[in-house]
Amino acid sequence: MSERVKFFPGREVSAEAFQSGSVLLTEYSTDLKYSWASGVAISKFLNELKNGKIVGRKCNRCDRILVPPRMFCEECFRLTDSWIYTKDTGTVNTYSIAYVGTDASRLKEPLYIAVINIDGASPGMGFLHLLNEIKSEKEIKVGMKVRAVWKEQSERTGSILDIKYFKPL
Ligand SMILES: [Zn+2]
């Protein structure tokens, strides 16, 4: 180990330290607006979500169906070949139960967050989304079959949130 590397002990910071102002606390807000190009594959994916459909790309060499779609197969190092529609059902690949919101506040009702493998896509293909209409946390299992619950067509914007959540089948 280099002699130039020094370790400094940490110091626990209490809630009182923040309240008394003895530690620096900076709050800020911004009004930044930004945009980016989502590319051919994700643009099509988002537009089809607006139509209530999930679309992927098929690679004819490895026969995989990629969801979300990609124009390039990372297994074969070649362009994918065609669009293919999948079902709006799937299987819970993994999940997490969140009791803390994105603003670090405690949630009254937990969020159920899952990676959903989409039916009609190749194994392991899918995306992160919310689960809802769950009776009990014990109901959630890896391998649980789920179905997309879509927003009303007039409310869809071409967003992953055009699917409100997935519910147990
Ligand atoms: Zn391939």
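The first residue in the sequence is number 1, and the count goes up from there. For ligands, and for the atoms within them, numbers begin at 1 and follow the listed sequence. Values reported hereafter were calculated over all heavy atoms of this structure, with side chains retained and with hydrogens, waters and symmetry mates removed.
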| field | Derivation and outcome, side-chain hydrogen bond (donor to acceptor under 3.5 Å, both in side chains), residues S122 and R64 | value | CA-CA 5 Å; S122 292; R64 291 185 315 144; 5.7 Å; no
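Salt-bridge check for D88 with R147: passed, with a basic side-chain N closer than 4.0 Å to an acidic carboxylate O. Ion pairing between R57 and D81 fails under the 4.0 Å rule for side-chain N and carboxylate O.
The backbone N or O of I160 sits less than 3.5 Å from a side-chain atom of H129, completing a donor-acceptor pair. A distance-only check finds no donor-acceptor pair linking the side chain of K138 to the backbone of K135 [under 3.5 Å].
For a distance threshold of 2.8 Å, the protein N, O or S atoms nearer than that to the Zn ion (ligand 1), listed by chain and number, are C59 SG, C62 SG, C73 SG, C76 SG.
E139 pairs by the salt bridge (charged side-chain N to carboxylate O under 4.0 Å, His left out) definition with nothing, not counting sequence neighbours.
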